[in-house]
There are 2 protein chains.
Amino acid sequence: MVFWKKLFTNSTSTSTSAQPKFSGDLVLTTTDRLGEASIYFSTETEIDLYELEELCDAVGWSRRPIRKVKKALQYSFLVVSMWELRGVKRRLIGFARATSDRAFNATIWDVAIHPQFQGKGLGKAMMKYTIKKLRSNEISNITLFADPQVIDFYRRLGFVLDPEGIKGMFWYPD
Amino acid sequence: MVFWKKLFTNSTSTSTSAQPKFSGDLVLTTTDRLGEASIYFSTETEIDLYELEELCDAVGWSRRPIRKVKKALQYSFLVVSMWELRGVKRRLIGFARATSDRAFNATIWDVAIHPQFQGKGLGKAMMKYTIKKLRSNEISNITLFADPQVIDFYRRLGFVLDPEGIKGMFWYPD
């Protein structure tokens with residue numbers, strides 16, 4: 001994980017002519033049989049909602065109305081997206097967002113990594129990026145609701161389960 | 001609890017000359033040795049921050065910077081306050097707020113009932129009012145983080161602990 005951490009710490013904004021329409025923070029550059037590829041994070045809120053739907057489909061989530069997803073992004077405090085860039089083509093490969101009161105609390109929702117990009121440490125890198133962005137806004141209490149299979153993933157990132165007996169609760173009608 | 005429910009359902013806006021500067025939803029009118037008093041809910045976001053601090057002190061919370069509290073209220077999706085009115089005098093006796101993406105998720109924070117007004121069903125009434133307001137905005141997923149001593153209180157309101165093994169988690173630095 002040292003490798004990711006180093007890249008993450010040294011992230012820079014893109015301003016090259018190769019990717020003229022995109023700004024973000026570089027995570028990684030790789031070369032494979034298809035040529036050179038880069039992976040970037042962005043906090044742009046204007047995301048192609050159909051591309052986001054494609055990512056959500058790929059991770060197996062239930063479909064949600066595009067209209068509501070658009071509103072949710074609009075009113076999220078932070079929207080993080082992760083992109084693979086090859087030449088001028090880019091592909092959405094990761095996503096997370098957070099609601100916040102911009103003062104004390106933030107809650108992270110909808111964390112997704114495209115299955116083809118899982119197991120490479122990119123989810124961890126994206127979450128560290130998300131936490132860093134929230135922390136840079138003076139937010140001290142970062143929370144989330146974790147499905148059983150990802151509890152260990154979040155624990156390794158420093159998230160604590162039920163601290164001091166505090167329990168996450170969900171409302172359902174009587 | 002039928003009593004509260006009835007009052008809650010039949011809540012009306014105040015527009016009488018007796019409380020000219022206040023609008024809200026009537027919960028209850030009582031008469032005691034000091035005369036007639038009413039209890040109202042409001043969703044006004046412009047709350048006297050020192051009055052709110054007084055309430056937070058009364059319930060024993062740690063002091064928070066007024067500047068940050070102001071910002072948190074400004075960026076909360078919903079701010080609910082509960083007031084006791086006697087003639088033209090009003091007193092803040094309850095508070096809750098929620099962050100939200102205005103589409104799917106809302107998270108309730110800072111639920112406080114003044115100790116002198118606890119044990120009367122007012123906390124339950126205020127939470128029902130809060131839930132109703134969130135639900136009227138098409139928000140389906142209402143969440144909160146409950147301290148151990150209030151878990152049963154929220155459970156009685158329909159909140160469920162760790163549904164399907166989903167766990168609330170808090171971030172702390174490594």
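This one's a predicted model, so the numbers in the text were calculated from it and none came from an experiment. Residue numbers start from 1 in every chain, and the chains themselves are labelled A, B, ... in the order their sequence lines are given, proteins ahead of strands.
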Enter the distance from B/Phe145:CZ to A/Glu164:CD here, rounded to the nearest 0.5 Å.
14.0 Å
Suppose we screen for side chain to side chain donor-acceptor pair (under 3.5 Å). Which residues come up paired with B/Asp162, at least two apart in sequence or across chains?
B/Lys167
Do A/Glu138 and B/Arg67 sit within salt-bridge range, that is, some charged N less than 4.0 Å from a carboxylate O?
yes
Per-residue tally against chain A (heavy atom, under 4.5 Å) across B/Leu161, B/Thr99, B/Val160 peaks at B/Val160
Do B/Tyr75 and B/Phe95 land in one hydrophobic cluster if side-chain heavy atoms of ILVMFWY residues count as linked below 4.5 Å?
no
Members of residues 46-64 of chain A whose heavy atoms come closer than 4.5 Å to chain B:
A/Arg64
Residue part contacting chain B, namely of A/Val150, when any heavy atom lies under 4.5 Å
neither
Side chain from CB out, backbone as N, CA, C, O: work out which of these in A/Ile131 comes under 4.5 Å of a heavy atom of chain B, or both, or neither.
side chain
Here the gap from A/Asn137 atom CG to B/Lys71 atom NZ, rounded to the nearest 0.5 Å, amounts to 6.5 Å
Cluster check A/Phe153, A/Ile151: I/L/V/M/F/W/Y, side chain < 4.5 angstrom:
yes
Donor-acceptor contact present, side-chain A/Trp171 to main-chain B/Tyr154, <3.5 Å:
no
With rounding to the nearest 0.5 angstrom, report the CD1 to NZ distance, A/Ile139 to B/Lys68.
8.0 Å
Neighbours of chain B found in residues 100-114 of chain A - heavy atoms under 4.5 Å:
A/Ser100, A/Asp101, A/Arg102, A/Ala103, A/Phe104, A/Asn105, A/Thr107, A/Trp109
Between A/Gln149, A/Arg97, A/Gln74, who has the most heavy-atom pairs with chain B when the cutoff is under 4.5 Å?
A/Arg97
If you count heavy-atom pairs under 4.5 Å with chain B, which of A/Asn141, A/Asp147, A/Leu73 comes out on top?
A/Asn141
Same apolar cluster (I L V M F W Y, side chains within < 4.5 Å links), B/Leu85/B/Leu26:
yes
Considering residues at least two apart in sequence or located in another chain, which fulfil the side chain to side chain contact (heavy atoms under 4.5 Å, CB included) criterion with A/Glu36?
A/Thr29, A/Thr31
